Every structure is written in structure tokens, then in C-alpha cells.
2 protein chains.
Amino acid sequence: MDVSKYQQKAELLKTLGHPVRLCIVHGLMHNACNVSGIQECLKLPQSTISQHLGILKARGIIKGERRGVEVKYSVVHDDAIKVVKVLLDDEAPFSTRVKEE
Amino acid sequence: MDVSKYQQKAELLKTLGHPVRLCIVHGLMHNACNVSGIQECLKLPQSTISQHLGILKARGIIKGERRGVEVKYSVVHDDAIKVVKVLLDDEAPFSTRVKEE
DNA sequence: TCATAATATGATAGTACAAGGATATAATAG
DNA sequence: CTATTATATCCTTGTACTATCATATTATGA
């Protein structure tokens, strides 16, 4: 039995299996934004958000690009996107996986 | 922001986010079987399997029907089925595949 | 009844995770 | 250089999860 396949997929699910992180990923799928945006949305201390972002980044689910003083986050993990879409299938308002400006 | 929705979905993901449980659910989706079958497959102590089954049952992901001396388990949670299919999309028996890219 | 196979539960010990405060780094403006 | 804003890291405390052993329950057959 191919255990490592399950381990890898399970780790993804476990990472997404936290309300704050799930919310962050879902939000980022609609529009990439920075920590302050998320923080305002979730009303949690900045350090808590940053920690979750760090976990998501370490697992390759999101990436952050620094733009001047901000860091703009977006979702880059295909499986993660698929899972979240299946679960929270509220038809993306738009397919806005963009970075304007 | 609708937090409870995320909490509920996150709990599902967290529950599936353990290699043994993920493996159990995936296996059960292909054919419902009993504890001994799973145990043999995973080579873990019976009590460990049973505990994971208990967790999956408590969260409404699987159900067990007693058939004589055995208990036959099967997956009953729609979201769980969708998630596992998307993630472990090996030859879905039917064309119930979710879109890919 | 008793023995046995299948499954569940309880207890325990080790490990990992979560939140939030304090503090540190990075970029830029002045 | 200094101040400010944005973000990251460190640390502590409490809580939850995991694996396993030992034991209990349940159903059935002799």
C-alpha cells in the first residue's frame, strides 16, 4: 500500500483543516491581498495571521511577493485550489486570480 | 464573514487530514469492508484502526452496519467523498470527475 | 453454558498545534 | 539617520492529537 501518497495528501488536508487557514486560502483565491487585508477581515492579531501564512507558505500552498512595503499573497497549490473549490463551491464571483495595478 | 461555515468545513478537512484516516476513507469508497480488512491492509494494531473508525463515525463521515459478528463500514459524507475523489483521482469508477486543468 | 473472533473503550505518554504578546526585520519617506 | 508601516519570528501556556497496551463488549458457534 502506497503510504507516502496518503501522507502527502493528508498533510495538505490537515493544513487546510483549520478555519483560519481555510478562510485565508478561500479569500486569496478570490483576490490576492496582503496581511492587513486578511487581518481586518478576520479580526485576529497580526501575529496569528502571519503565523498561519507562514505555515501555508512553508507547505507550498501560497506564495508571497513583496511589492514595496507590502507582501501580496496568492494561492499556488493546484490540489489545494481543487479541494477548496469543491468544498466552498460558491461560484467565484469572478475568476479573479489576478493582480491588478 | 461567515466563520461557522469555515469551521465546519475545516473540521472535515482536519478529520481527513491524517494518513490513516484518509487511507481508510479512500479504501472504503472502493469497497466497504470490516476492520480486519483495513487492519491487514495498513498493518497497524486493531485498536488504532478502531479508534480512527470511531472518529470518522463520530463526525458522520462513515457508518457501520453490523452483519453478524462483523461490522461493515462505508462512506456516507458527501463532501468527504468529493474531497477524496478530487485528491486521489485514480480511475474514478464512473465519470464523476470534477473538472481539471 | 463457554470459548472465540470481531470490535470498542479507557488510560497513558509522547508529540504537535494554537493564540497572543513582545520583539525583530524590511522598505520607504523625510 | 529616524520614524513609520507592514510583516515575520520568538516564546510561553494551554490544549488537542496519536499510538499503543490492556481490557471490555458483542455476536456466534460448540
Side-chain angles (χ1 to χ4, degrees), chain A residues 1 3-4 6-25 27-28 31-74 99 101, chain B residues 1 3-4 6-25 27-28 31-74:
Chain A
M1 179 137 289
V3 165
S4 74
Y6 288 107
Q7 265 169 350
Q8 185 207 339
K9 303 290 186 182
E11 172 157 304
L12 170 66
L13 293 176
K14 188 175 173 188
T15 305
L16 294 176
H18 185 286
V20 170
R21 289 195 291 267
L22 184 57
C23 186
I24 288 174
V25 171
L28 289 180
N31 73 349
C33 68
N34 59 8
V35 176
S36 310
I38 300 166
Q39 183 183 350
E40 183 182 322
C41 217
L42 292 178
K43 285 164 186 130
L44 287 171
Q46 176 265 325
S47 61
T48 301
I49 303 286
S50 192
Q51 252 183 158
H52 286 300
L53 287 171
I55 292 169
L56 288 168
K57 197 161 58 177
R59 312 253 162 103
I61 294 173
I62 65 176
K63 76 167 198 288
E65 299 173 273
R66 190 171 270 279
R67 290 175 89 94
V69 77
E70 295 183 352
V71 178
K72 220 164 194 181
Y73 287 98
S74 52
K99 36 189 110 172
E101 185 230 323
Chain B
M1 183 139 287
V3 165
S4 75
Y6 288 106
Q7 265 169 350
Q8 184 206 341
K9 303 289 186 181
E11 172 158 304
L12 170 65
L13 293 177
K14 189 175 173 186
T15 305
L16 295 176
H18 187 286
V20 170
R21 289 196 292 268
L22 184 57
C23 187
I24 289 174
V25 171
L28 289 180
N31 70 348
C33 68
N34 59 9
V35 177
S36 310
I38 300 167
Q39 183 183 350
E40 184 182 321
C41 217
L42 292 178
K43 285 163 186 132
L44 288 171
Q46 176 265 324
S47 60
T48 301
I49 303 286
S50 191
Q51 261 190 146
H52 285 299
L53 287 171
I55 291 169
L56 288 167
K57 197 161 58 180
R59 312 253 164 105
I61 294 174
I62 65 177
K63 76 169 199 289
E65 297 173 274
R66 190 171 268 279
R67 291 176 87 94
V69 76
E70 295 183 351
V71 178
K72 217 167 196 179
Y73 287 97
S74 52

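Nothing here was measured: the structure is a model prediction, and the numbers come from that model. Chain letters run A, B, ... following the sequence lines, proteins first and then strands; every chain starts at 1.
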* **Nearest-angstrom distance from the residue atom CD1 of A:I49 to C1' of C:dG20** => 12 Å

* How long is the line joining NZ of B:K72 and C1' of C:dA8, in whole Å? -> 20 Å

* Think B:Y73 has a side-chain N or O under 4.0 angstrom from the OP1 or OP2 of C:dA8? -> yes

* Have a look at A:R21 and say if it touches a base, only the backbone sugar-phosphate, or nothing, with a 4.0 Å heavy-atom cut-off. => sugar-phosphate

* Gap between atoms CG and C1', on B:L13 and C:dC17 respectively (whole Å) -> 17 Å

* **d(CD, B:E70; C1', C:dA8) in whole Å** => 16 Å

* 5' to 3' on DNA chain D, which nucleotides open and close the contacts with chain A (atom under 4.0 Å from a heavy atom)? -> D:dT5 to D:dC11

* Structure fact -> Between CD of A:Q46 and P of C:dT23 the distance, given in whole Å, is 15 Å

* Mind listing the closest non-hydrogen atom pair of B:Y73 and B:I62 along with its distance? => CD2-CD1, 3.7 Å

* Classify the nucleic acid contact of A:S50 as base, sugar-phosphate or nothing, counting any heavy atom under 4.0 Å across all strands shown. => base

* **Separation of C:dA8 P from B:E65 CD (nearest whole Å)** => 13 Å

* Asked: Any idea which heavy atoms bring B:A10 and A:H18 closest together, and the distance?
  -> CB-C, 3.6 Å

* Structure fact -> Note: A:C23 and A:L42 closest approach over all heavy atoms is SG-CD2, 3.5 Å

* Can you tell me how far C1' of C:dG21 sits from CG of A:L44, to the nearest Å? -> 14 Å

* Asked: How do B:V69 and B:I55 order along DNA chain D: which one's closest nucleotide is nearer the 5' end?
  -> B:I55

* Structure fact -> Checking B:L16, B:L53, B:L56 against B:R21 for side-chain contact (heavy atoms from CB on, under 4.5 Å), the one that qualifies is B:L56

* Structure fact -> Closest to the 5' end of DNA chain C, once A:T48 and A:G68 are matched to their nearest nucleotides, is A:T48

* Structure fact -> Here the distance between atom C1' of C:dT15 and atom NZ of A:K14, to the nearest Å, is 10 Å

* Among A:L44, A:I49, A:V20, find the one that has a side-chain contact (heavy atoms from CB on, under 4.5 Å) with A:I38. => A:I49

